[in-house]
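Since the structure comes first, as structure tokens, the remarks are kept for the end.
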Amino acid sequence: MRPVYAISGGVSKFAKARPDKTFQAVVKEAYDYAIHDIGLDFPRFTELVDGSVASYFSDHFARQLMAAIMVQDYLGLCPKPSHRVEGGGATGGICFQEAWKNVASGHMDICVAYGFETMSHVETWKGNEFIALASDVSFDYPVGGFYSGYYAMMVTRHMHEFGTTVEQLAAVSVKNHHNALHNPYAQKRNKLTIADVRAAPMVAWPLTRLDICVMSDGAAACILCSEEGLRRLEAAGAQIARPLVRVSGVGRGTDAMRMADRPHADYDAFMRLYATEQERGSDETRAYYRRLWEHGARYPGVHSFRAGRTAGNMAYKQAGIADPLHELDFVELHDAYTSSEIQTYEDLGLCLYGEGGPFAASGQAFLPQLDYGLDLPAAPVCPVNPSGGLIACGHPVGATGLMQGVFAIWQLQGTVGQHFGDAALQIEDARRGAIHSHAGTGTYVTVTVLEREGGAS
Amino acid sequence: MTTPNKVEETLGGAIVHNLPFPRDLDDAALAGLKQMSPLQVEQRYCITYLHSYGQDSPWFAALTNRVLLGSRDPASGYTYANPRGHDMATGQPTDWVVLPDQGRVHAFTVCHFGSEEFLPECPYVLALIEFEGVDTLFLTRLVGVDPAAASLGWIGMRVQARYLRNAKLRPTDVYFMPAIHE
């Protein structure tokens, strides 16, 4: 595989509704931003780019089959090669990785990944129905198909197994909404308290409206290229930020559609198949897990994401990461629910299995430069969702994983202040970060590591 | 048969006449059209599907006879609470087995909101049920608990399968209630 660089990106303002433009034109906002950020104009970039990958989740939301080709032609990219990817909530993350594959394999030197979703075209409850159709329509959907309900069941089990509290969940919401105060692209920018989160209307016990992301209209685009692509772009006048941002690790995992069908692995199987390198190598961790299993814990059950752990382990191995908490400077992860952020802390190895709750409230995933109004016992170590994540930015599904890619590129370029008009979210000397995209109840998960050339911290 | 000389006018859908529009279409007026507010129209989309349960059909037939089936790999004995034609590990065809009538709540939630289809039923309780000797869980409705009194104490509760008398060939033909006798 060849080195692949993520050189530019753009995001449309995520909003509850964008009736002012069709989906093609909303994608063009993000696409144009990415092109102009490297100092090229539309015709010149069109000449240079080799092809694209397109991302949107639901034909139901679009009420338009083959919507991606309509974006391709609106962007003037015909007859260049392209294809659409779809993998539920992970669609954007998969799109980013497919663009990486196009370049890493030598199939293309310059590839643009673009994605969108227009969720405002139906009422929220109909949108919930469309999303719930991404669960087994013979056995799960007819029982009361509702994704917030599925995630709430995971939470109750996590609380039962590990003592996780609703206040720990709420800490995630406070953090992500507060971060988004400084992100002009975010849909919900609020300063909240734990009490605010708990007082919000109950959606699926114990998750309140402020534990859950909202539906959005929006688009995002990322430009990836090889060294040859860089040469061609720069020969054409592109101004590409240095140091470069390289894609250094790519991982993907899957799990059964029906979460009821997931295994409950014993300790030996967990250590052999799912434990991180760090977990396997630590006597203390092995002893902790022994005790956990003796008390009845199993893995993944319904309260953990085997696909996420698989994706993380794969990406970390490629990127040479052994201790993600200390070797990543930030993570943009798929927090469709506060609870899924907590579950994902564990599966991405930011904390031990079962310790996601205390980790959430510890402060280790917060930004050091912001005052959240919370009593946080530990210092920040690895900020999670410095952009505000899905909960605050919104979740226009096909765009979301690419939005994470754009924000990661800007963090690693050190250009957050330039793009946000506010440098408050810039992580000092950010050298390496991960983006994590997640579908269904954990059916497809992607993890991609990006790092600034010149070495990670 | 005469050749029609115009499209027939109809009365369905939205009917509008002469939306505000510039009378003189000079350059300035045409450029001004970019300021026009978006027009939004309803588009209905309604499809009836003929859905086949395929190899899982006996599971639904069993519910109409007040029997809950599961699937078992004959070699390993690994047992699924949901029907599954082939085992995940061996790839071999599974056998049908009768599941116990009682199980325990593994996880649950109370849905106070939902998809459009289920909104009239809110609040309703979803639960994942674990069965003795069965390796996977079963998603169902839990009835007979107070949705306003949700409690982690419900986890581990012994529950009993109940069946609709008027079966609908849906997985909700079976539901669970707290067991009267432990």
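These figures come from a predicted structure and were not determined experimentally. These numbers come from the heavy atoms of this one structure, side chains and all, not from hydrogens, waters or symmetry mates. Residue numbers start from 1 in every chain, and the chains themselves are labelled A, B, ... in the order their sequence lines are given, proteins ahead of strands.
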| query | Yes or no on ring pair (Phe, Tyr, Trp, His ring centres under 6.0 Å) for B:F118 and A:W125, after CA distance, side-chain angles and deciding distance? | reply | CA-CA 9 Å; B:F118 306 108; A:W125 39 91; over 10 Å; no
| request: With side chain to side chain contact (heavy atoms under 4.5 Å, CB included) as the test, would you mind laying out the steps for A:F139 and B:F138 before giving the verdict? | output: CA-CA 9 Å; A:F139 297 97; B:F138 180 70; 5.6 Å; no
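- Looking at A:P263, the atoms closer than 4.5 Å to chain B (heavy atoms on both sides) sit in the backbone and in the side chain alike.
- Neither the backbone nor the side chain of B:S71 comes within contact range of chain A, judged by heavy atoms closer than 4.5 Å.
- Contact count versus chain B (heavy atoms, under 4.5 Å) is highest, among A:G301, A:P201, A:A152, A:P206, for A:A152.
- Looking at B:A150, the atoms closer than 4.5 Å to chain A (heavy atoms on both sides) sit in the backbone and in the side chain alike.
- Inter-residue side-chain proximity for A:D261 and B:M88 is flagged as met; some heavy-atom pair is nearer than 4.5 Å.
- Heavy-atom pairs under 4.5 Å with chain A peak, among B:W59, B:Y80, B:W154, at B:W59.
- Contact count against chain B (heavy-atom pairs under 4.5 Å) is highest for A:M202 among A:R262, A:E123, A:M202, A:H158.
- The CZ atom of A:R157 lies 8.5 Å from the CG atom of B:L137; values are rounded to the nearest 0.5 Å.
- Dense packing is recorded around CZ of A:R198, with more than 12 heavy atoms of other residues, nucleotides or ligands lying under 6.0 Å away.
- For a heavy-atom cut-off of 4.5 Å, chain A lies close to no residue in residues 24-35 of chain B.
- When the heavy atoms of residues 264-274 of chain A are compared with those of chain B, the residues falling under 4.5 Å are A:H264, listed by number.
- For the set A:M153, A:M259, A:K21, the count of heavy-atom pairs under 4.5 angstrom toward chain B peaks at A:M153.
- Residue-level contacts of residues 142-151 of chain A with chain B, in order of numbering, are A:P142, A:V143, A:G144, A:G145, A:F146, A:G149, A:Y150; threshold 4.5 Å between heavy atoms.
- By number of non-hydrogen pairs under 4.5 angstrom with chain B, the leading residue of A:H303, A:H60, A:H160 is A:H160.
- Looking at B:I155, B:V105, B:L128, B:V110 one by one, the single match for side chain to side chain contact (heavy atoms under 4.5 Å, CB included) with A:T156 turns out to be B:I155.
- Only the side chain of B:H51 comes within contact range of chain A, with at least one heavy atom under 4.5 Å from a heavy atom of that chain.
- Within residues 8-20 of chain B, no residue has a heavy atom under 4.5 Å from a heavy atom of chain A.
- Contacts of B:L119 with chain A are made by side-chain atoms alone, with heavy-atom separations under 4.5 Å and no backbone atom involved.
- A distance of 9.5 Å separates CD of A:Q64 from CD of B:Q43, quoted to the nearest 0.5 Å.
- Interface check for chain A: of the options B:N82, B:D56, B:L39, B:D135, the most heavy-atom pairs under 4.5 Å are formed by B:N82.
- A:D20 contributes atom CG, which lies 14.0 Å from atom CE of B:M36 (distance to the nearest 0.5 angstrom).
- B:Y175 does not touch chain A: none of its heavy atoms, backbone or side chain, sits under 4.5 Å away.
- Your options are B:E117, B:E121, B:Q40, B:R170, and the one with the most heavy-atom pairs under 4.5 Å with chain A is B:E117.
- Ranking B:P83, B:S115, B:S37 against chain A, the residue ahead of the rest is B:S115, based on heavy-atom pairs under 4.5 Å.
- The OH atom of B:Y45 lies 15.5 Å from the NE2 atom of A:H121; values are rounded to the nearest 0.5 Å.
- One distance of note links CG of B:L139 with CG of A:D136; it measures 10.0 Å at 0.5 Å rounding.
- Scanning both residues, A:P19 and B:P38, for their nearest heavy atoms gives O-CB, 2.9 Å.
- Crowding of A:M66 atom CE: a count of heavy atoms from other residues, nucleotides or ligands under 6.0 Å not exceeding 12.
- Neither the backbone nor the side chain of A:M154 comes within less than 4.5 Å of any heavy atom of chain B.
- Residue B:R162 places its CZ atom among 12 or fewer non-hydrogen atoms of other residues, nucleotides or ligands, all under 6.0 Å distant.
- Taken to the nearest 0.5 Å, the NE2 atom of B:H112 stands 11.0 Å off from the CG atom of A:L207.
- Listed here is the closest heavy atom pair of B:L152 and A:W205: N-CH2, 4.0 Å.
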